[in-house]
Engineer: 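This is the structure I have questions about; it appears just below.
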Amino acid sequence: MINMDSVSENISNGSPPAPRPWVRFWARSFDVYTFGIAVGILWALIDAESLDNVNNTLLSVLLSFSWLFVEGACLAIFGTTLGKWLLKITIVNHQGQKLTPAQAFQRSRLVWWRGTGLGIGIPNLIACILGHSRLVREGMTTWDRDMGNTIVHGEISWWRGLIVGMALVSTFAFSVYGYFL
């Protein structure tokens, strides 16, 4: 799935990769929304009536906490997530290799805490703003800096961007439609 020789070559050329905060944001959004839809469908198949009785803030926290484990497993097994793969984002450790399971789960935990504010409304917004600002200013997020990770971006083909864009617009439209039902 990941061409580690190509990634290692990009890292070893000496120049740090340019930060691409919006590409990272859209990849994470795609992953989280896709995960949320999958959980929602599964939940509806098991007990549709209980979905109406769940507090939205609690549901957001539980979904973001659950995603921490799914993302960690995806990074450890595949070296990427679906959204990161679509938008050509690779995360490697200080040795230029795919993250170990311990590194992948540690990174996901730090992103959940520092990058998304536990998935809770205002703290989430603040964490996203702070993470974006630091990434633009310093070229690296605190969680990747502290772990010695490198984020490598590839060229995104038009069809990959189109898929992610259509999925995000569809998800938003579906959410708005569902809200007013």
Engineer: Suppose we screen for ring pair (Phe, Tyr, Trp, His ring centres under 6.0 Å). Which residues come up paired with Trp112, at least two apart in sequence or across chains?
Structural biologist: Phe65
Engineer: Would you say Phe25 ends up clustered with Phe30 if hydrophobic residues are merged whenever their side chains have heavy atoms under 4.5 Å apart, either directly or through other cluster members?
Structural biologist: yes
Engineer: Taking side chain to side chain contact (heavy atoms under 4.5 Å, CB included) as the criterion, tell me which of Arg24, Arg114, His132 meets it with Thr141.
Structural biologist: Arg24
Engineer: Please report the shortest heavy-atom distance between Ala76 and Ala104, naming the atom on each side.
Structural biologist: N-CB, 3.8 Å
Engineer: Is it true that Leu75 and Leu87 fall in one hydrophobic cluster, defined by side-chain heavy atoms closer than 4.5 Å?
Structural biologist: yes
Engineer: Evaluate the side-chain contact (heavy atoms from CB on, under 4.5 Å) criterion for residues Leu59 and Val61: first the C-alpha distance (whole Å), next the side-chain angles of each, then the deciding distance (0.1 Å), finally the verdict.
Structural biologist: CA-CA 5 Å; Leu59 182 60; Val61 171; over 6 Å; no
Engineer: If you take all heavy atoms of Trp113 and Leu118, which pair is closest and at what distance?
Structural biologist: CE3-CD2, 3.3 Å
Engineer: Please determine whether side-chain contact (heavy atoms from CB on, under 4.5 Å) holds for the pair Ile91 and Thr80, giving the CA-CA distance in whole Å, both sets of side-chain angles, and the decisive distance to 0.1 Å.
Structural biologist: CA-CA 7 Å; Ile91 303 167; Thr80 191; over 6 Å; no
Engineer: Can you name the closest pair of heavy atoms from Ile77 and Lys98 and give their distance?
Structural biologist: O-NZ, 3.1 Å
Engineer: Could you state whether Val164 and Trp159 fall into the same hydrophobic cluster, counting links through intermediate Ile, Leu, Val, Met, Phe, Trp or Tyr residues with side-chain heavy atoms under 4.5 angstrom apart?
Structural biologist: yes
Engineer: Taking Asp31 for its side chain and Gly83 for its backbone only, find out whether a donor-acceptor pair lies under 3.5 Å.
Structural biologist: yes
Engineer: Compare all side-chain heavy atoms of Gln106 with those of Leu99 and state whether any distance is below 4.5 angstrom.
Structural biologist: no
Engineer: State, with a plain yes or no, whether a side-chain heavy atom of Arg28 is found less than 4.5 Å away from one of Val111.
Structural biologist: yes
Engineer: Taking the side chain as C-beta and beyond, is there a heavy-atom pair between Trp43 and Val54 under 4.5 Å?
Structural biologist: yes
Engineer: Would you check if there is a donor-acceptor pair between the side chains of Asn53 and Ser50 at a distance under 3.5 Å?
Structural biologist: no
Engineer: Within the structure provided, determine whether Val39 and Leu63 are in side-chain contact (heavy-atom separation under 4.5 Å).
Structural biologist: yes
Engineer: A side-chain contact here means heavy atoms from C-beta on lying under 4.5 Å apart; do Trp158 and Ile163 qualify?
Structural biologist: no
Engineer: Would you please test Trp67 and Thr81 for side-chain contact (heavy atoms from CB on, under 4.5 Å) and show each step?
Structural biologist: CA-CA 11 Å; Trp67 174 247; Thr81 62; 4.1 Å; yes
Engineer: Looking at Ile156 and Val23, what are the two nearest heavy atoms and their distance?
Structural biologist: CD1-CG1, 3.9 Å
Engineer: So do Asn149 and Val92 actually touch side chain to side chain, heavy atoms under 4.5 Å?
Structural biologist: no
Engineer: Between Ser108 and Gly72, what is the shortest heavy-atom contact and its length?
Structural biologist: OG-N, 3.3 Å
Engineer: Are Leu86 and Met166 connected, step by step, through hydrophobic side chains (Ile, Leu, Val, Met, Phe, Trp, Tyr) whose heavy atoms are closer than 4.5 Å?
Structural biologist: yes
Engineer: Start with the C-alpha gap between Leu168 and Ser29, add the side-chain angles, then the distance that decides, and say whether side-chain contact (heavy atoms from CB on, under 4.5 Å) holds.
Structural biologist: CA-CA 8 Å; Leu168 290 171; Ser29 296; 4.0 Å; yes
Engineer: Find out if a path of hydrophobic residues (ILVMFWY) with successive side-chain heavy-atom gaps under 4.5 Å connects Trp85 to Leu162.
Structural biologist: yes
Engineer: Trp26 versus Trp22: any side-chain heavy-atom pair under 4.5 Å?
Structural biologist: yes
Engineer: Once side chain to side chain donor-acceptor pair (under 3.5 Å) is applied, do any residues pair with Thr57, and if so which ones, sequence neighbours excluded?
Structural biologist: none
Engineer: Do you know the tightest heavy-atom contact between Lys84 and Ala27?
Structural biologist: N-CB, 3.9 Å
Engineer: Is the side chain of Ser60 donor-acceptor paired with the backbone N or O of Gly119 at a distance under 3.5 Å, no angle test?
Structural biologist: yes
Engineer: Give a yes or no on whether Tyr33 atom OH has more than 12 heavy-atom contacts from other residues, nucleotides or ligands under 6.0 Å away.
Structural biologist: no
Engineer: Is there a side-chain contact between His153 and Lys88 in this structure, where contact means two heavy atoms from C-beta onward sitting under 4.5 Å apart?
Structural biologist: no
Engineer: Determine, stepwise, if the pair Arg109 / Glu71 fulfils salt bridge (Lys or Arg N to Asp or Glu O under 4.0 Å).
Structural biologist: CA-CA 10 Å; Arg109 186 186 63 77; Glu71 179 185 43; over 6 Å; no
Engineer: Are the charged groups of Arg134 and Asp144 less than 4.0 angstrom apart, N to O?
Structural biologist: no
Engineer: Sub-3.5 Å donor-acceptor pair from the side chain of Glu138 to the main-chain atoms of Leu135, do we have one?
Structural biologist: no
Engineer: Evaluate whether atom CG of Leu45 has more than 12 neighbouring non-hydrogen atoms of other residues, nucleotides or ligands under 6.0 angstrom away.
Structural biologist: yes
